[in-house]
Amino acid sequence: MSLVRTEAASPSNPGPPSDSASVRERLRNAETVLWHRGTFVAAVLPFLGLAFAITVVAIKGWPAILVNGTHFFTGSTWQPGSTYGSTVYPHGVATPQGASYGAWPLILGTVQSSAIALILAVPISIGAAIALTERLPRSIARPANFAVELLAGIPSVLFGLWGILTLGPLLARDVYPHIASIMPDVPVLNFFNSPTGHGEGLFTSGIVLAIMIVPIITATTVELFRQVPSLNQEGARALGMTDAEVTHSVTIPWVRNGIIGASILGLARALGETIAIAMISGAILGHTAQNIYSPMTTIAATIVSQLDSSFTDATGFATATLAEAALVLAVISVVVNVIARFIVHRTGKLGGPVGRG
Amino acid sequence: MNHKVRKSLKASLLALPTLGLAAAMSVSLCSTAGAATKKASLAVVAPPTSKVSLSETGSSLLFPLFGSWMTAYSETYPNITVSTASTGSGTGISSALNGTANIGASDAYLSPAQVQATPAARNIPLAISSMFIAYNVPGVTDHLKLTPQVIANIYLGKITNWNNSAIMKLNSGVMLPNLPIVTVHRADGSGDTFLFSQYMSVTNPSSWGNSIPIGTTIAWPNAPGAIGATGNSGMVSTCGSTPGCLAYIGISYLAKAQLAGVGEASLKNKSGKYVLPTSATMTAAALSFASKTPKTGTLSMINTSAKNGYPIINYEYAIVLSSQPNSTTAQAIRSVLSWIISPTNGNSMTYLTPVGFIPLTPAARQNSANQVAAIK
């Protein structure tokens, strides 16, 4: 394995045999130790990194947690207070007069936009994966697959720019009014009623997020489908199943847990997406989206857009509040992951998928 | 200013472009002469002879100008390099106060709380900027006339359509469409928001002033359809692509806004005249505040009483600590800042015209020079 060892043993580098053997032995020991330590460090680093990040954010956010209290989760006002006025000291924490932060619209906006993205992206991704692995001829599937993987690597600022310049105005002009006109005025569906806005808002954000996470979910699902043993699929066909039935009853059940995992990967990206959302969400703080076309914002987008002005708050309270928001985002991500694992665990137990036994 | 100083200033200005060394010598003589008098010399302070690199960060509005300033400055004084960065006024202030940058650029002056927390912090006016009120109303070709009261009522959500009688009354003869108004504000923290909120507060003391504190981010009233946009460039593109938009944009983006089909409103000033932000109206406004600029440079220049003055102008600031870690750095900073405020160098129209700024008034320049001279 090791380069050093081959060199030591190579005929071009002859030495006294006994020396060479002991050197080789020592090198091997050193390598073993290095290997063990190296892998240990590699294994521990991610945990340390996570713990460090969360601890720092929690410490920075602590004054805000004290002052904002539960209002942070229920309130909707985002009032930096009078940064050029006097300083007051609730709970012993220096804050500008009148500062009051409620993050409910950000939390809801984060969940809503990611949910829209997931609802749109999962069926498309599974469809794309089926097409790429089973339906399309190889000559088309290979370049198409390559394109999907390329799409996953496009910087999100490009999606944001495209969203604000092209997609948003197009949707607002040609798509949203039609959706709004066919939606009845009943609960849930009346969230789709007009006014349809100007293309910057919740729906556009959800759609752009969906486009961003489709490649992630598709690429993972393609790999999963390739792992399904062809024997099972052939067996199912031998029993007279159509292609659709094979996909539906054999292929997808075989990798169901994997698809959930892939979706969670996509969801995690959607929850944390920052720049694209900051550009196309309409960036409205202070109230939740009135309908699906309304301007809104998310936790991540707010942190990036408010960070600079938070530095003008000499008490540091605005920065502390952003740290608290970051902590909330971290908690949401962890909760989503735990729920996903729980689902995977449950579905894994509910009798094996067809053909697996 | 005494005769001797003026003479040596003249000499230094003549010598500057031709011979660096001679210039540096005469300037340094001059600055020592100036330090003796109460008013600091207006001449460019010679930089230290050793190599010094300084960092500047902050205001995105000031960034392009700072870049062209420092390119020109470094041509004269190649041993001083200044790295510039566009990070936002808030970052500029905090980086300068905690010492991670030598010069912070800000559209907003320091708050009393910041000065209290960092007594060595100085905001030094470098130039005068302004802001225009932008709109996207299809079919309107002439400059729309607006009053600060109407603008406030639009942002407060009380006026929601362009054919509202309050707007029609100001613009008789203009065909205003039946189009909902979309108010656009800065989603990121911004000196422009600081300026706009000051303008609204000062001109609407009862409806706006009491309820919305001024700041680089404010709690926006809930106007229907309001949207936020990031950066001045975001304001221009959002306003350009949103019929019905009303926005406030930094003056250096005027040309880009016009290209995007965005109009520039003519604002009613305190004496009842409708004015556009031009070099003349900005200067008129600046002169009306000239005697009022305090030693600290902290002054809001909103709502001038000058007859032809534009109501929204502001100083662009360098945020600097008055006590620097060493005398070489301090001297380099003094040199850079004195070059910037010099009317034949950084404050010449060569640099200011492309961004729509105007030079400091003589009184403000003297004030800034005094502050610069005190950086040790």
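First the proteins, then the strands, lettered A, B, ... as listed; each starts at 1.
Interface check for chain A: of the options Thr238(B), Thr217(B), Asp188(B), Val115(B), the most heavy-atom pairs under 4.5 Å are formed by Thr217(B). When each of Ile284(A), Val304(A), Thr83(A) is checked for heavy-atom pairs under 4.5 Å with chain B, Ile284(A) comes out on top. Highest contact tally toward chain A, considering only Gly92(B), Gly189(B), Ser111(B), is held by Ser111(B) [criterion: heavy-atom pairs under 4.5 Å]. Contact tally against chain A (heavy-atom pairs below 4.5 Å) for Thr230(B), Asn222(B), Val184(B): the top residue is Asn222(B).
Annotation: the span from Ser237(B) atom OG to Leu161(A) atom CG amounts to 8.0 Å, rounded to 0.5 Å. A distance of 9.0 Å separates OG in Ser190(B) from CG in Asp308(A), rounded to the nearest 0.5 Å. To the nearest 0.5 Å, the span separating CD1 on Ile227(B) from NE2 on His198(A) amounts to 6.5 Å.
For Ala117(B), no part sits under 4.5 Å from any heavy atom of chain A, backbone or side chain. In this structure, the portion of Ile218(B) lying under 4.5 Å from any heavy atom of chain A is its backbone and not its side chain. Both the backbone and the side chain of Ser82(A) come within less than 4.5 Å of a heavy atom in chain B. Looking at Ile93(B), the atoms closer than 4.5 Å to chain A (heavy atoms on both sides) all sit in the side chain, from C-beta outward. Proximity to chain A is absent for every atom of Pro224(B), based on heavy atoms less than 4.5 angstrom apart. Heavy atoms of Leu110(B) lying under 4.5 Å from chain A belong exclusively to its backbone. No part of Ser106(B) comes within reach of chain A, as not one of its non-hydrogen atoms sits under 4.5 angstrom from that chain.
Judged by distance alone, the side chain of Gln306(A) and the main-chain N or O of Ala187(B) form a donor-acceptor pair under 3.5 Å.
For the ring pair (Phe, Tyr, Trp, His ring centres under 6.0 Å) condition, the pairs that include at least one residue of residues 98-125 of chain B, sequence neighbours left out, are Tyr84(A)-Tyr109(B), Tyr109(B)-Phe194(B).
For Ala219(B) against Gln79(A), the heavy-atom pair with the smallest separation is CB-NE2, 3.4 Å.
At a heavy-atom cut-off of under 4.5 Å, chain A is reached by no residue from residues 202-209 of chain B.
Counted within 6.0 Å of CD on Gln258(B), heavy atoms from surrounding residues, nucleotides or ligands total more than 12; the atom is thus considered enclosed.
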